[in-house]
There are 2 protein chains.
Amino acid sequence: MRKSPNLHDVAREAGVSAMTVSRFLNGSAPVGSYARQQITRAIENLKYRPNQIAKSLQTRKTGNIAVLLGNISSPMSALTIKGIENVSFGNRYNLLIGNTEFSEEKERRYLDILMQKQIDGMILAPSSKDREPLQEIIDRGIPLLFLDRHVPGVQADYVGFDFENDSYNVTEHLIDRGCRTISVICRRADLINDSPQVKGFHRALERASIPWDRQRILYCHPSTEDAYRCMGEIMESGTRPDAVYIASNTLASGVLRYCKDKNILIPEDCMLACFDSLGEFDDLIRPNLTCNEVPAFDLGVYVAELLMRRIHDGYERPDGPQRITLPGKLLIRESTGDAGGPRTGSETGARRQTVRVSGEAVTG
Amino acid sequence: MRKSPNLHDVAREAGVSAMTVSRFLNGSAPVGSYARQQITRAIENLKYRPNQIAKSLQTRKTGNIAVLLGNISSPMSALTIKGIENVSFGNRYNLLIGNTEFSEEKERRYLDILMQKQIDGMILAPSSKDREPLQEIIDRGIPLLFLDRHVPGVQADYVGFDFENDSYNVTEHLIDRGCRTISVICRRADLINDSPQVKGFHRALERASIPWDRQRILYCHPSTEDAYRCMGEIMESGTRPDAVYIASNTLASGVLRYCKDKNILIPEDCMLACFDSLGEFDDLIRPNLTCNEVPAFDLGVYVAELLMRRIHDGYERPDGPQRITLPGKLLIRESTGDAGGPRTGSETGARRQTVRVSGEAVTG
DNA sequence: CTGTTAGCGCCTTCAG
DNA sequence: CTGAAGGCGCTAACAG
């Protein structure tokens with residue numbers, strides 16, 4: 001394993017200068033046909049590969065973009081990453097992926113390292129409210145996009161799900177089915193922003209003139225065990241609700257397990273609805289519950305496309321910072337039988353295509 | 001947004017030479033306490049960040065490792081990636097992730113790009129049998145590890161699940177439950193290697209002196225729809241089997257959907273078993289089927305640790321190329337009721353800790 | 001403990 | 001169409 005060949009080696013082998021080889025490789029200027037042949041041959045002979053590092057040092061572009069999420073293995077995140085990868089690869093960018101584990105410290109360390117690695121852009125689901133490192137990214141002219149969450153006071157685009165409206169729709173569905181006393185289980189304190197799910201929930205109640213009771217909102221640690229506990233609290237104390245709305249899908253398995261253990265029939269004893277889809281086996285899970293399907297892959301595609309545009313436009317943002325939300329799709333399933341039920345429930349799919357944009361219009 | 005400061009700017013501001021600053025930053029040589037103070041101050045003043053690209057050009061180390069998988073959003077892959085990230089971050093490496101979509105062409109392009117980007121190591125689940133680009137990686141001294149699949153003839157370590165033994169265990173379980181006629185649905189032609197699942201299946205049948213019939217093995221495209229079709233073929237033609245073994249978990253939802261549509265009772269009409277776990281909601285899916293849980297996160301941890309060792313040892317491989325498989329855990333669940341069943345089935349968890357290694361022993 | 005010199009491999013600029 | 005000079009930001013190797 002000896003030193004790999006460089007531009008000069010190729011140039012010597014081809015009997016031309018290094019610059020001619022460079023121009024040939026990048027197509028940055030015309031090259032004579034004889035030289036072209038010699039160079040092609042030399043490259044093959046030496047198995048030459050351009051060194052992207054050296055090129056980056058010169059051009060200040062690495063062709064890498066960073067993606068920093070709280071939990072890269074959640075089904076939602078995994079799909080979003082796939083969407084981002086898809087668009088990035090098509091635009092000749094590679095992905096540097098980091099899992100912050102929702103830790104401010106780990107996020108900070110990642111931001112630090114990535115700044116040194118000279119990324120061309122960054123997609124971040126922030127776990128910290130700290131503006132300073134983000135401002136530094138922006139000041140260095142690196143396009144920064146928030147995904148799913150944002151940091152108040154930082155002038156960057158945001159792309160996320162339409163939590164509030166989706167939550168409104170789920171709640172409205174429960175109300176339409178006759179529920180009047182609805183409990184909510186949601187994640188303990190949304191990491192950064194106020195819980196828009198709870199807002200949507202309230203809005204739906206208000207619209208139906210149903211008084212709401214703070215006691216009916218339970219905050220829960222993001223674990224199966226704590227969701228199990230919360231569901232117990234709901235069902236064992238005070239008046240039982242008509243319905244329980246699980247505002248964070250990571251909590252669903254704990255709730256379902258409780259119902260299974262306690263022989264609570266869904267939807268006879270209590271209706272159940274879930275903010276996000278439970279995945280591929282969705283309608284095979286018993287009890288079979290109504291949920292909102294969130295466009296995770298599309299979110300990745302959208303955010304990556306916006307990032308590509310920002311990188312391309314030299315960060316001038318002719319259209320100003322944007323706040324974009326993608327609406328989900330309500331999947332209504334209320335069959336209770338074990339087999340023979342409808343394969344998919346009715347869907348309010350029409351809104352699927354809508355993209356909600358606040359601020360200026362989306363260009364392109 | 002003007003040019004960011006470099007080592008010389010810091011050196012000038014601190015009144016020392018660039019080398020002193022460099023030595024201070026890397027701790028590569030002692031630096032006087034006065035100089036130290038001046039440098040610290042200068043760095044703060046200028047908001048200096050070392051440029052990793054320039055450093056990489058010099059040191060020929062980027063601190064990046066590549067991970068190339070067929071489908072990065074599958075639950076298994078997502079967990080494996082998380083495991084890899086965990087170990088890498090601890091060792092100060094970043095992850096460049098690529099989704100090959102099982103396409104030879106896309107894989108080839110990724111390999112090409114990544115070679116130019118000068119990665120320090122690579123974890124690959126190959127989709128192509130082409131040895132040449134892989135040999136080039138090895139020849140350039142970049143540690144290469146196969147994950148889940150391998151390319152025959154390429155001298156690189158391999159880490160994967162214990163498909164054959166796990167499959168043996170699942171089949172043995174069905175036999176123990178009295179099944180004698182078992183059909184198998186598996187992915188159409190394993191991408192690269194012979195299907196070890198089918199081998200394990202055969203071995204279990206042979207051990208129980210059950211004759212086996214090629215007709216009972218159905219190859220299926222990796223889609224819900226085709227799995228549905230396959231299950232139909234099995235149930236509607238010839239003698240119905242006692243059991244169906246789904247050797248690729250991506251096919252499970254199609255099979256389950258078929259049973260649901262046709263009112264086939266599991267396990268009364270036909271037993272069902274699955275090669276891999278169905279995820280978090282595993283035991284909430286109806287019908288509730290026995291499956292093998294594969295240690296996806298651990299696989300990531302293991303492969304990353306091995307890679308770290310290879311990088312560290314300068315690719316001398318004192319212990320020779322290895323072939324390591326991590327065994328899964330059989331989750332037996334045969335309750336049929338909708339609620340009140342046992343929360344988890346019995347598990348043959350003892351083997352969980354075992355790591356099967358062929359070739360030399362694992363060091364460290 | 002500190003500074004100088006000479007590249008790492010490529011591309012920008014300018015001169016043919 | 002082609003080449004030579006210089007530098008991107010950093011560090012190895014050698015002097016002090």
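All heavy atoms count here, side chains included; hydrogens, waters and symmetry mates do not. Numbers restart at 1 for each chain; the letters A, B, ... are given by sequence-line order, proteins then strands.
Atom C1' of nucleotide dG9(D) and atom CD of Gln118(A) are separated by 9 Å, given to the nearest angstrom.
End-to-end axis angle for the helix from dC1(C)-dG16(D) to dG16(C)-dC1(D), using five pairs per end and rounding to 10°, comes out at 30°.
If Val16(B) and Leu7(A) are placed on DNA chain C by their nearest nucleotide, the residue sitting closer to the 5' end is Val16(B).
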Return the polar atom pairs (N/O with N/O) between nucleotides 5-8 of chain D and the protein under 3.5 Å, or none.
| from | atom 1 | to | atom 2 | distance (Å) |
| --- | --- | --- | --- | --- |
| dG7(D) | N2 | Gln58(A) | NE2 | 2.5 |
| dC8(D) | O3' | Arg60(A) | NH2 | 3.0 |

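Taking every heavy atom of both residues into account, Gln52(A) and Lys61(A) meet most closely at NE2-O, 3.7 Å. Residue Met115(B) comes nearest to Gln118(B) through the heavy atom pair O-OE1, 3.0 Å, listed as atom of the first residue, atom of the second, then distance. The shortest non-hydrogen separation linking Asp148(B) to Tyr158(B) is O-OH, 3.4 Å.
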Side-chain donor-acceptor pairs under 3.5 Å in residues 21-36 of chain A, sequence neighbours left out?
| from | atom 1 | to | atom 2 | distance (Å) |
| --- | --- | --- | --- | --- |
| Asn26(A) | OD1 | Lys55(A) | NZ | 3.3 |
| Asn26(A) | ND2 | Ser22(A) | O | 3.3 |
| Arg36(A) | NH1 | Val31(A) | O | 3.3 |

Quiz: residues 92-99 of chain A side-chain donor-acceptor pairs under 3.5 angstrom, not counting sequence neighbours:
| from | atom 1 | to | atom 2 | distance (Å) |
| --- | --- | --- | --- | --- |
| Asn94(A) | OD1 | Lys117(B) | NZ | 2.7 |
| Asn99(A) | OD1 | Ile72(A) | N | 2.7 |

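Scored by the salt bridge (charged side-chain N to carboxylate O under 4.0 Å, His left out) test, Asp130(B) finds no partners at all (sequence neighbours excluded). For Arg108(B), the salt bridge (charged side-chain N to carboxylate O under 4.0 Å, His left out) partners two or more places apart in sequence, or in a different chain, are Glu105(B). Take Phe89(A) and apply the ring-ring contact (aromatic ring centres under 6.0 Å, His included) test, not counting sequence neighbours, and it matches Tyr110(B). Qualifying side-chain contact (heavy atoms from CB on, under 4.5 Å) partners for Asp9(A), counting only residues two or more places apart in sequence or in other chains: Lys3(A), Pro5(A), Asn6(A), Arg12(A), Leu46(A).
Judged as a salt bridge (Lys or Arg N to Asp or Glu O under 4.0 Å), the pairs with a partner in residues 76-89 of chain A (not counting sequence neighbours) are, in order, Glu85(A)-Lys106(B). Within the structure, no pair that satisfies the ring pair (Phe, Tyr, Trp, His ring centres under 6.0 Å) test touches residues 124-148 of chain A, not counting sequence neighbours.
Near-neighbour residues of DNA chain C inside residues 20-41 of chain B, defined by a heavy atom below 4.0 Å, number-ordered: Thr20(B), Arg23(B), Pro30(B), Val31(B), Gly32(B), Ala35(B).
With Val154(B) as the partner, the side chain to side chain contact (heavy atoms under 4.5 Å, CB included) test is satisfied by one option alone out of Lys129(B), Arg131(B), Glu132(B): Arg131(B).
First and last contacting nucleotides of DNA chain C toward chain B (any atom under 4.0 angstrom from a heavy atom, 5' to 3' order): dC1(C) to dG9(C).
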